Enquirer: 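What follows is a structure written as structure tokens; I'll ask about it next.
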Amino acid sequence: MNKNSEEEENKEQEPKEKKKEETTKLNWKEWIIDPSEEFYYTWLQIMILPICYNWVIIIFRTCFYAIEEKFVATWLTLDYICDLFYVLDTVIGFRTGFLEQGILVRDLSLLKKRYMRSSRFKWDIASLLPTDLLYLKLGIHTPLVRVNRFLRTSRMNEALDRMETRTSYPNTFRVAKLMLYIFVLIHWNACVYFSLSNYIGFGADPWVYPNISDPDFAATRRQYFYCFWFSTLILTTVGDTPPPEREEEYLFLVADMLIAVLVFASVVGSMGDVISSLRDRDNVFFPNHELVKGYLRSRRISKELQKRVNDWYQHLHINKKITRENEILRHLPITLQTAIAVSVHLPTMSKVTIFQNCENSLLEQLVLKLTPQVYSPGEYVCKKGDVGHEMYIIKEGKLAVVADDGVTQFAVLGEGNFFGEISILNIKGNKSGNRRTANIRSIGYSDLFSLSKEDLTETLLEYPAAKRLLEEKGHQILTKMGMLEETDEGEGEVEKTEDKVKRLEASLEALQTKLARLIAELESSARKMMQRVELLELQTEGWEGIVAEGAQGEIEEWEKVKEREIGDGDGDGDGEKEEEKEEEEDPIVEGERGEGDGGEESLGEKEKNAGGIEESENEKEETEEEQIKTETQDQKRD
Ligand SMILES: Nc1ncnc2c1ncn2[C@@H]1O[C@@H]2COP(=O)(O)O[C@H]2[C@H]1O
């Protein structure tokens, strides 16, 4: 059995291994790049180099012919290395996944289709066209044939955009990017200037490049630097260049001036953007000082108070204290906000004694609700007797519990301590209720987190265990402080009993109201029932009257009996006789109203008299029964 099972296992394992091998082999073939992956980002950064190389070197080699000739082998090697990167980039284009309904598409045929339909594909292919073949016709020293390599520039822009989003210093990056563009522009201009000088003749006039036969200007490095300097003078509108003398020079200078205007405008604009974004950042990070300053001036606030405000602002700026964290992060999804708040505040929170044993989820909820606050030296955070609206956690700094004179210190609180909880926790037996029990004064500058009563209460509602823990701890603190006297407990008990009595009274009242309503309902339903029963009785009587109508002779007899009865009766008078006549005419009406004296007796006699017509009576009984049923149902429905 064991051998068999082993064999079976081996059999099972074999195809698994085969599958594994296949998948490792297939992996390469089915290799897909996620554009949000690190690899893609790195690849984009790598691609900046060959693209920049082509942008800088092709024109350089074209214009500075000596350099081209001297290092042709190096240039050709570098050219084809760059081409290799271009080819690889195209392959990557075929294998770059894209998101469809938020999910990365990995189907190679779909990716291929998408890439080939994109405009990027056309540019990529155009930039890879083997224009180098023109070397065969034009000669090897014509690097300008590779000008189509510039068409890959969109890839560089993509790389730079990604870097800008990722970098922690976007403003510095923006300035660097602008400088790179300006450098390339000046470089191109320098190359064209050198070519134009060559075309006009080196040293032909003061505007063009000096004669290269002059040893001072013969070296290629010298040639390039001179041209670059000249170009910079023009494009930065610094001027101070020799005046042009020929039409070509004029045209070149006019074109350059126009470009210079654009360059200048873009430099100024970009720098303005950078500065304003820095200011915006400062305004978001720190409260707007200028605004407050203006307000204080317009309200003629005392110099001393203005100084306190200024000192506070200065402290924020110098020590990079950010008090508007919640505002800065408010655009982020709540999960990210929590993660950031946890990483920033949790170290402080975990130092707070009351939160040390609390659940992590509670702390996560709390950290989102913390508001950073900075207090200056000598400033009161709370004063005895004030109503408490928030509690404080000390992140940094020292605060003193002081007497009313503001000097005598009862205790000093430091990092990780908290205060202001007593007045917001509603601790039973606390004499001061929701009032502050002490004055708290900042000794130096202190960084606090404030947590509002509402936020704390709201959070603790979902964590009753934590609430109990906090209350217990608050209780302990109060007892230590001597704020929970024994009588307090008694008072607490009295309060409890009073509360209970009040609650009982309220519930008793509610019960009474309910009872009254129920009795009223019962009475009305009883009344209704009675009415129904009466109605049914009347209907039954009427039905019996109809039955009696069937036998004419009997009726006459019955009338006589009735007359006799009336004669014997208490002599109600003619009214009754009239009624009976009416009853004869309309037996149903009689049924409805016939609740007269001795009615049942006379009916009993009638029944006796009608003994001979029992069969027809039964038939009528049935129809009448049905009628009554339908009537009763109708009434019920009503
Ligand atoms: N003797 C003390 N030692 C430490 N903290 C205190 C002392 N007295 C009062 N406090 C704190 O100071 C706070 C003042 O406001 P609360 O009464 O809300 O809560 C109080 C306590 O948190």
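Only this structure's heavy atoms are used, side chains among them; waters, hydrogens and symmetry mates stay out. Indexing begins at 1, ligand by ligand and atom by atom, following the structure's order. From a predicted model like this one, the values you see are computed outputs, not experimental measurements.
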Enquirer: So which pairs with a foot in residues 437-451 pass salt bridge (charged side-chain N to carboxylate O under 4.0 Å, His left out), sequence neighbours left out?
Expert: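 Output for this query lists Lys321-Asp447.
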
Enquirer: With ring centroids as reference points, do His187 and Phe228 lie under 6.0 angstrom apart?
Expert: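 Ring centroids of His187 and Phe228 are no less than 6.0 Å from each other.
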
Enquirer: How are the rings of Phe39 and Trp31 set relative to one another: parallel (under 30°), tilted (30 to 60°) or perpendicular (over 60°)?
Expert: perpendicular

Enquirer: Sorted by first residue and then second, give each salt bridge (charged side-chain N to carboxylate O under 4.0 Å, His left out) pair with at least one member in residues 401-416; sequence neighbours left out.
Expert: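 Those involving residues 401-416 are Lys351-Glu415.
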
Enquirer: Cut-off 3.5 Å, no hydrogens considered: what does the side-chain donor-acceptor table look like for residues 265-275, sequence neighbours left out?
Expert:
residue: Ser266; atom: OG; partner: Leu262; partner atom: O; Å: 3.2
residue: Ser266; atom: OG; partner: Val263; partner atom: O; Å: 2.9
residue: Ser270; atom: OG; partner: Ser266; partner atom: O; Å: 2.8

Enquirer: Give every pair made of an N or O atom of ligand 1 and a protein N or O atom lying under 3.5 Å apart, one pair per line with both atom names and the distance to 0.1 Å, or write 'none'.
Expert:
residue: ligand 1; atom: 17 (O); partner: Thr437; partner atom: N; Å: 2.6
residue: ligand 1; atom: 17 (O); partner: Thr437; partner atom: OG1; Å: 2.6
residue: ligand 1; atom: 18 (O); partner: Gly420; partner atom: O; Å: 3.2
residue: ligand 1; atom: 18 (O); partner: Ser423; partner atom: N; Å: 2.9
residue: ligand 1; atom: 18 (O); partner: Ser423; partner atom: OG; Å: 2.5
residue: ligand 1; atom: 18 (O); partner: Arg436; partner atom: NH1; Å: 3.0
residue: ligand 1; atom: 19 (O); partner: Gly420; partner atom: N; Å: 3.4
residue: ligand 1; atom: 22 (O); partner: Gly420; partner atom: N; Å: 2.9
residue: ligand 1; atom: 22 (O); partner: Glu421; partner atom: OE1; Å: 2.7

Enquirer: Decide whether Glu158 and Tyr40 meet the rule of one side-chain donor and one side-chain acceptor closer than 3.5 Å.
Expert: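 Yes - a donor-acceptor pair under 3.5 Å links their side chains.
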
